[in-house]
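Excluded from the calculations below are hydrogen atoms, water molecules and symmetry mates; all remaining heavy atoms, backbone and side chain alike, are included. In what follows, every chain begins at residue 1, and chains take the letters A, B, ... in the order their sequences are listed.
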Number of protein chains: 2
Amino acid sequence: MSTIYDVARLAGVSPKTVSRVLNGDGPVGERTREVVEAAMRELGYVRSNAARMMRAQKSGIVGLITGAISTKNQPSTQQGLPDLYIVQGIQRALDASGMTLMIADTGGRQDRVPKLIDTFLSHRVEGLIYVAEYHQPVDLPPVPEDTPLVLANCYDDRGTPAVLPDDRRLQADLVRRLIGAGHRRIAMLALRPDMAAGRLRPLGYRDALAETGIAFDPALLAHVDFDQPETGPQLLWDTIDRLLRLDAPPTVLCCGNDQMALMVYGILRSMGRRVPDEIGVAGFDNYRAIAETLYPPLTTVELPYNAMGVRAGERLLQLISGEGRDDHRPVLVAGPVHWRGSVNELRTATVVSLMTQREETK
Amino acid sequence: MSTIYDVARLAGVSPKTVSRVLNGDGPVGERTREVVEAAMRELGYVRSNAARMMRAQKSGIVGLITGAISTKNQPSTQQGLPDLYIVQGIQRALDASGMTLMIADTGGRQDRVPKLIDTFLSHRVEGLIYVAEYHQPVDLPPVPEDTPLVLANCYDDRGTPAVLPDDRRLQADLVRRLIGAGHRRIAMLALRPDMAAGRLRPLGYRDALAETGIAFDPALLAHVDFDQPETGPQLLWDTIDRLLRLDAPPTVLCCGNDQMALMVYGILRSMGRRVPDEIGVAGFDNYRAIAETLYPPLTTVELPYNAMGVRAGERLLQLISGEGRDDHRPVLVAGPVHWRGSVNELRTATVVSLMTQREETK
DNA sequence: TCCGGCTATGACATCGGTGTCATGACATCG
DNA sequence: CGATGTCATGACACCGATGTCATAGCCGGA
């Protein structure tokens with residue numbers, strides 16, 4: 001691969017002049033510029049970042065680590081889809097600033113993280129992002145103080161800047177919308193309470209109830225470990241069966257995520273209950289391959305992974321530029337409710353009055 | 001960040017000795033090594049890849065480009081899931097060789113590819129991989145001859161090394177297994193014929209029929225553009241309706257992919273047909289979030305994206321080392337059939353005789 | 001005892017850009 | 001007309017690691 005020296009020789013100028021043409025600093029004669037540019041084209045010259053970076057002491061590289069770090073065993077669920085969207089968002093944010101993204105995967109082995117960080121440091125990354133597969137606490141090995149770090153979809157107890165899904169608010173938004181549609185008996189099939197989402201979403205559920213003056217009924221809230229290969233479906237079946245036998249059964253089931261909703265569809269069908277006429281179903285995530293393909297399409301709330309990535313990227317750029325280094329508050333990201341055919345609108349009149357009421361309370 | 005000079009000064013030796021400790025070339029005294037290592041620890045020294053690479057003329061970096069490049073408009077389908085698995089596989093392959101992966105996304109804009117390639121070249125990547133979202137032809141801008149390029153999940157007409165899913169064989173394996181289970185009237189709901197998968201999978205379907213001496217019935221093969229938001233479900237409904245009204249209706253429906261199978265479940269349910277007792281359903285992809293969660297779980301064939309990534313990574317490493325540069329044959333990757341509850345085994349006796357027969361013909 | 005060979009170490013040049021400073025040719029101003 | 005300023009350009013050092021070559025000390029064999 002050719003160098004500025006080759007270009008300089010071919011153009012009959014000094015290397016420094018070529019450098020000036022490249023960077024547009026310092027003055028260069030009209031004629032000279034043309035000659036140099038022609039020489040660069042002829043040689044197919046591409047600047048070496050390594051050399052440039054040695055002087056500049058700036059790499060223009062950001063390191064990204066994905067993969068399991070949590071000390072707990074994996075909750076098996078989704079197959080790492082969120083990561084991808086978050087990574088795409090990060091790329092989008094960084095792209096605008098000319099940074100290049102270098103990524104590495106732990107392959108699920110926490111012990112490899114220090115080595116990955118070392119590799120990144122040897123490339124003199126200007127910042128690091130760690131992306132988790134699902135909302136969780138993590139415990140990362142220490143990074144040098146002068147290298148900014150942002151956590152995406154996870155958090156630690158050291159105040160490292162984090163970007164997180166606002167599970168509580170998202171669930172509240174969804175339930176609020178269900179109430180707006182006239183539903184009063186809303187059941188919630190939550191995820192395992194040892195997952196952040198399993199704790200925060202029920203809180204949002206209760207927020208929405210409290211706000212609209214509906215009493216919380218403990219019989220309507222259950223945590224279901226639905227994705228255990230053997231026991232999961234049975235457990236879910238039993239839980240739904242119990243709910244439907246209540247004196248005042250729910251008119252809609254809020255599922256812990258869209259995948260659970262998919263399973264719930266199958267169970268309700270086997271029970272001979274029609275969705276949405278006999279009972280409504282709502283999901284969480286807006287996992288489109290499921291939500292849009294199910295019949296009827298699934299009402300759900302979008303967990304905006306892409307936007308989270310963008311926010312994480314922006315936060316990191318901010319830190320790199322030196323701003324907000326002592327702001328330790330996490331960035332919470334919410335998304336829209338997608339209202340589809342899996343939940344009926346009940347008593348339209350009531351809906352209107354309720355929505356009006358909400359407007360007034362603002 | 002500290003340098004070998006800092007380390008050398010602190011340890012009271014020359015920079016070159018520090019370099020020797022780092023790389024383990026040249027002899028170093030026992031005592032000296034200890035002193036140097038202590039100094040490195042104290043300073044938190046990390047070697048600069050930029051400097052190292054200037055001499056070595058080797059970056060240890062591989063560039064990866066993802067995103068839409070095809071000139072055609074996007075077939076909307078899956079949300080870029082395959083990419084992720086392929087990328088993971090690539091990482092796994094490269095990781096073993098100590099290469100670092102740098103990735104960039106086109107964000108769906110083909111015109112940005114040349115710029116991305118330039119960025120990678122400026123980092124002096126030792127090789128490039130382009131990953132497509134689904135099996136398709138692509139037309140990449142030229143890359144310098146001495147930089148190896150591997151295409152994953154796509155191919156071009158210039159003989160660039162490619163790693164592709166063996167759609168034809170995968171479909172044949174699945175259909176063969178269905179025939180082994182006693183099915184004779186097998187319908188195929190194929191993807192659009194302008195997609196590679198939409199052409200190759202029907203070929204595999206026919207391969208399996210021909211092999212087992214079952215006549216191909218054109219009435220049983222249909223291409224369905226199922227993921228059009230409006231017309232898709234209706235079209236799929238009509239097609240299934242037509243199939244079920246045939247004089248000899250199919251006993252199993254082979255769907256173009258798992259997502260279509262999900263929609264087919266909903267349609268069959270609405271038609272009042274039970275799966276698998278009245279009709280079997282098979283998918284394609286082993287998109288686990290769907291295949292394992294559906295009730296009954298979906299029989300499907302695994303399109304091994306992860307393995308494709310590994311193969312692509314290995315192929316690239318091979319090219320980088322200079323081997324197989326003039327082998328232009330694509331690498332085809334197949335995967336296992338996952339037999340789950342969505343298809344019944346018919347007439348067990350026949351199954352045994354058929355399988356025996358297959359063994360014999362080998 | 002002397003020399004070849006090995007070990008341990010350092011001086012120095014080099015990779016490819018870029019920051020600093022110097023230089024020569026003109027243009028401008030008092 | 002000479003002092004000063006601007007433009008266009010080049011010489012040179014430097015970033016941090018490493019390859020090449022040199023050197024000093026030591027051991028063993030002739």
TODO: Ignoring backbone atoms, test whether B:Thr32 places a side-chain nitrogen or oxygen under 4.0 Å from the OP1 or OP2 oxygen of C:dT9.
DONE: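 For C:dT9, OP1/OP2 do have a side-chain N/O of B:Thr32 under 4.0 Å.
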
Open item on the list: Is the phosphate of C:dG10 approached by B:Thr17 (side-chain N or O, under 4.0 Å from OP1 or OP2)?
Closed with: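 Result: yes.
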
TODO: Could you check whether the rings of A:Tyr155 and A:His135 sit parallel, tilted or perpendicular, using 30° and 60° as the cut-offs?
DONE: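 Aromatic pair A:Tyr155/A:His135 classed perpendicular.
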
Task: Selection from D:dT9, D:dT18, C:dA8 that lies nearest to any side-chain heavy atom of B:Asn23 - done: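 Closest nucleotide to the B:Asn23 side chain: D:dT18.
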
Task: B:Pro27 side-chain proximity, nearest of C:dT9, C:dT18, D:dA8 - done: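 Nearest to the side-chain atoms of B:Pro27, counting from C-beta on, is C:dT9.
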
Open item on the list: Once hydrogens and angles are ignored, does a donor-acceptor distance under 3.5 Å link the base of C:dG10 to the side chain of B:Arg20?
Closed with: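 It does, because a donor-acceptor pair links the side chain of B:Arg20 to the base of C:dG10 below 3.5 Å.
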
Open item on the list: Is there a side chain to side chain contact (heavy atoms under 4.5 Å, CB included) between A:Asp156 and A:Asp139? Walk through the geometry before answering.
Closed with: CA-CA 6 Å; A:Asp156 63 12; A:Asp139 185 24; 5.9 Å; no

TODO: May I ask you to say whether A:Arg9 pairs ionically with A:Asp6, meaning some side-chain N is under 4.0 Å from a carboxylate O?
DONE: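 Yes, A:Arg9 and A:Asp6 are salt-bridged.
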
Open item on the list: Can you tell whether the side chains of B:Asp105 and A:Arg92 come within less than 4.0 Å, N to carboxylate O?
Closed with: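 The answer is no: the pair does not qualify as a salt bridge.
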
Task: Interatomic spacing from CG in B:Leu319 to CZ in B:Arg325 - rounded to 0.5 Å - done: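 Reported to 0.5 Å precision, the distance equals 6.0 Å.
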
Task: Positions of residues 37-59 of chain A (non-hydrogen atom under 4.0 Å from DNA chain D), listed by number - done: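 Under 4.0 Å from DNA chain D: A:Met54, A:Arg55, A:Gln57.
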
Open item on the list: Nearest whole Å is fine: how far is C:dG16 C1' from A:Lys16 NZ?
Closed with: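 Rounded to the whole Å, the gap is 13 Å.
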
Open item on the list: Whole angstroms only, please: what is the CZ-P distance between A:Arg31 and D:dA8?
Closed with: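 Going from A:Arg31 (CZ) to D:dA8 (P), I get 15 Å.
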
TODO: Specify the residue among B:Arg124 and B:Val13 whose closest nucleotide of DNA chain C lies further upstream toward the 5′ end.
DONE: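 Whichever sits nearer the 5' end wins; that is B:Val13.
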
